[in-house]
2 protein chains.
Amino acid sequence: MSGDGSEIAGVTADSLASLVRVQLDKFTPTERRVCHVLLSNYPFAGLETAAELAARAGVSAPTVLRFVARLGLSGYPEFQKRLREELEARLIAPAAKHRPADEATGAAAALDAFAAAVKGNVTRTMDDVAVSEFEAIATLLADPKRPIHCVGGRFTEPLALYLVRHLRIVRPDVTMLDAMTATWGDHVINMDKRDVLVAFDIRRYQTDVIQLAENAAARGASVVLFTDTWLSPIVRIARHVLSSQVGVPSNFDSTVAMLALIEALIARVTDDLWPTAKLRMEALEKLRGA
Amino acid sequence: MSGDGSEIAGVTADSLASLVRVQLDKFTPTERRVCHVLLSNYPFAGLETAAELAARAGVSAPTVLRFVARLGLSGYPEFQKRLREELEARLIAPAAKHRPADEATGAAAALDAFAAAVKGNVTRTMDDVAVSEFEAIATLLADPKRPIHCVGGRFTEPLALYLVRHLRIVRPDVTMLDAMTATWGDHVINMDKRDVLVAFDIRRYQTDVIQLAENAAARGASVVLFTDTWLSPIVRIARHVLSSQVGVPSNFDSTVAMLALIEALIARVTDDLWPTAKLRMEALEKLRGA
DNA sequence: CCGTTTCTGAAATGAATTTTAGAAGCGGCC
DNA sequence: GGCCGCTTCTAAAATTCATTTCAGAAACGG
């Protein structure tokens, strides 16, 4: 199945897409814009006229023509013919597709390995979620009467921020805490049983986040913990815990699976709050317009 | 989504194919030959030129033209445009299918669906990466002589921050810009050809991020863009682009695939810089201990 | 800083395609 | 059998499209 692709410009590839990807650095800057537009909704962008594709990419028609010429094709008609043939073949045999073209290069293999690891993490993480836990957390976050506070460590603070940015759209009373400054005491001092602290903590667990969580718990707040499978010490005081797989071929851990969990949670909460969330989003749209 | 097909010639149908089938007896005998050829390998037969379709059906070009006119279309170009749109919708649909809540058997099924969508996004995103582009970006980011600046929109700013937090560990001269405040001018004013701006921008594209990128590019900085498949306007001025799939069953887009890309990039850069990065990490460890 | 090379878009060209117009073929009906 | 309407093709017209040319602009190297 691998080598049966057509050969263009001395390079063997099984689709124009992969050919474009492999040779991306052979194109001039403007031609590259065409590449990206084509790849971003492949192959349909190429089925329009050359002028339309050019307009879509913000370049002139001759640039598009030079682009197809550099691919080794005789002209735009042949370019479209190949796209149609590929599409036809793909629709008949939808299963077959993987990166056979550049499998020789190590970088592509590394990317594939990384992708595989990430997908495995997502699978195991989502499969292992206790649905009742997930639902309980969603219910907490969807309760507008409960103030939400989010905090994260060095690498997970961005995830906390991501959650905050979304929650703030669908409900009020969502704050971001900064574990690394001394100011978080001001926030925690006001917490009580109604408050919810969402803490993110993965290796290496940060003492400042742990302390913050402990203090919040001591004041009666409900602590929700996102952590890795090694489990942050916060599990001991957390009311709800979601753990994620973090292993990838890298010197750092991966938070992709954790982000997937977060987004799933956001989706769930947004769904719960949809009647009011919809109004809020529309109001925000208007504000942006002004 | 079901009954909103377009109406042509007084008949409502969700595809030209079904429209043709229903109205088959309204056509003249020769036109019917065109119908059959079109339906026999729909819709590809219609994507060729009118003359080719005519030859395939053994009729003359005007017959094909009358055929499309009888369908209520303004001409052959519109006919092809509709076929392309149908095909596009059909190929996109299975990936980003919105599940009506009632069909889901429960929260667990919703989680599974979300996980499946996310994994699909990661797969398509990583498969579609131009390796040379990825490598070029990694090389840029791994050059300690090039100052790095990161900026993101409302939802992508956390991702930019995530990148910054990691890059700062393995190399110096990494700054986070805030597109939403007016202070970024101070940063941009100092940029030159050596600087690298990493911009994150997904729907809805933010004018402040776009402007910042444009100004940076005008000063000669290399712009690296992370965007969705709809492509932010920044593609026009970006030197390197990585696009990610974002569709999930949610009211918000997913940035999981984008995060996977970012992490892969971080892994690559860290690997490149490992001799110095290792020393930096050890030094940081000591600092934390003290 | 300047000459050289490469790249890019505007305009002009030429080809291809869609579209229109007119004539020939075909069948049915008086 | 001849007239009429419908259908279909041939041929020419008009339009759109792809392509080439060329000049200006930008990047590059010295």
Side-chain angles (χ1 to χ4, degrees), chain A residues 16 23-38 44-84, chain B residues 16 23-38 44-84 136 140 146 191-196 214 216-223 235-240:
Chain A
L16 285 182
Q23 308 221 309
L24 200 64
D25 51 355
K26 299 281 191 302
F27 294 97
T28 68
T30 15
E31 285 165 12
R32 213 166 300 165
R33 296 225 293 271
V34 181
C35 297
H36 287 125
V37 169
L38 175 64
F44 304 102
L47 293 180
E48 302 176 336
T49 67
E52 279 167 326
L53 176 56
R56 206 178 274 264
V59 304
S60 66
T63 299
V64 171
L65 267 289
R66 281 188 290 264
F67 160 76
V68 304
R70 203 179 298 268
L71 279 173
L73 305 174
S74 70
Y76 203 74
E78 187 188 346
F79 172 68
Q80 291 195 314
K81 180 158 159 285
R82 288 205 180 232
L83 288 180
R84 282 200 306 267
Chain B
L16 285 182
Q23 308 221 311
L24 202 63
D25 51 354
K26 297 282 193 300
F27 295 98
T28 68
T30 12
E31 283 166 15
R32 215 165 297 165
R33 295 229 294 275
V34 180
C35 295
H36 288 127
V37 169
L38 174 62
F44 303 102
L47 292 179
E48 302 176 336
T49 68
E52 280 167 323
L53 176 55
R56 208 178 274 264
V59 303
S60 67
T63 299
V64 172
L65 264 290
R66 279 189 297 271
F67 161 77
V68 304
R70 202 180 298 271
L71 281 172
L73 304 174
S74 71
Y76 203 75
E78 187 188 343
F79 172 68
Q80 291 196 313
K81 181 158 158 283
R82 285 202 183 236
L83 289 179
R84 281 200 306 268
L140 272 183
R146 284 177 167 275
M191 290 190 189
D192 61 19
K193 289 193 188 305
R194 293 182 322 159
D195 288 75
V196 176
E214 281 172 351
R219 300 208 135 265
S222 299
V223 175
V235 279
R236 288 164 166 272
I237 51 109
R239 188 155 309 183
H240 301 291

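Every chain is numbered from 1, with letters handed out A, B, ... down the list of sequences.
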Review point. How close or far is atom P of C:dG9 from atom CG of A:L65, stated in whole angstroms?
Key: 13 Å
Practice item. Using whole Å, report how far CD of A:E31 lies from P of C:dG9. Key: 10 Å
Exercise for review: Go through C:dT19, C:dT17, D:dA18 for me and flag the one nearest to the A:T49 side chain.
Suggested key: D:dA18
Practice item. For the side chain of B:P62, starting at C-beta, report the closest nucleotide among D:dC17, C:dT20, C:dT18. Key: C:dT20
Review point. Could you give the distance from CD (A:E31) to CG (A:L65), rounded to the nearest 0.5 Å?
Key: 10.5 Å
Check your understanding: Counting side-chain heavy atoms from C-beta on, which of C:dT18, D:dA18, C:dG9 comes nearest to A:T63?
Key -> C:dG9
**Study point:** Length of the line joining A:R70:CZ and D:dT19:C1', which is rounded to integer Å
**Key:** 16 Å
Study note, to complete from the structure: Taking D:dA18, D:dC9, C:dT18 as options, the one with an atom nearest any side-chain atom of B:R66 is D:dC9
Check your understanding: Separation of A:E52 atom CD from D:dT16 atom P, in whole Å?
Key -> 12 Å
Check your understanding: Of the candidate nucleotides C:dT19, C:dT17, D:dC9, which contains the atom at the shortest distance from the side chain of B:V59?
Key -> D:dC9
Check your understanding: Is the backbone N or O of B:S222 less than 3.5 Å from a side-chain atom of B:R239, with the two atoms forming a donor-acceptor pair by type?
Key -> no
Check your understanding: With a non-hydrogen cut-off below 4.0 angstrom, is B:S60 in contact with a base, only sugar-phosphate, or nothing?
Key -> base
Exercise for review: Give a yes or no on whether a salt bridge exists between B:E78 and B:R82, defined as a side-chain N under 4.0 angstrom from a carboxylate O.
Suggested key: yes
Study note, to complete from the structure: In whole angstroms, the gap separating C1' of C:dG9 from CZ of A:R33 amounts to 12 Å
Check your understanding: Of the candidate nucleotides C:dT19, C:dC7, C:dT17, which contains the atom at the shortest distance from the side chain of B:A61?
Key -> C:dT19
Study note, to complete from the structure: Heavy-atom nearest nucleotide on DNA chain D taken for B:K193 and for B:G58; more 5' hit belongs to B:G58
Review point. Atom OH of B:Y76 to atom P of D:dT16: distance rounded to whole Å?
Key: 18 Å
Review point. Are side-chain heavy atoms of B:F67 and B:V59 found at a separation under 4.5 Å?
Key: no
Review point. Contact class for A:P29 vs. all strands (heavy atom < 4.0 Å): base, sugar-phosphate, or nothing?
Key: sugar-phosphate
Revision key, fill the gap. Considering only heavy side-chain atoms of A:P77, the closest of D:dA18, C:dT18, D:dC9 is D:dA18
Exercise for review: Please check if the side chain of A:Q80 supplies one atom and the backbone of A:E48 the other of a donor-acceptor pair under 3.5 Å.
Suggested key: yes
Review point. Given C:dT18, D:dT20, D:dA11, which nucleotide is nearest the side-chain atoms of B:A50?
Key: C:dT18
Review point. Separation of B:L53 atom CG from C:dT19 atom P, in whole Å?
Key: 13 Å
Study note, to complete from the structure: From CD of A:E78 across to C1' of D:dT19 the rounded distance in Å is 15 Å
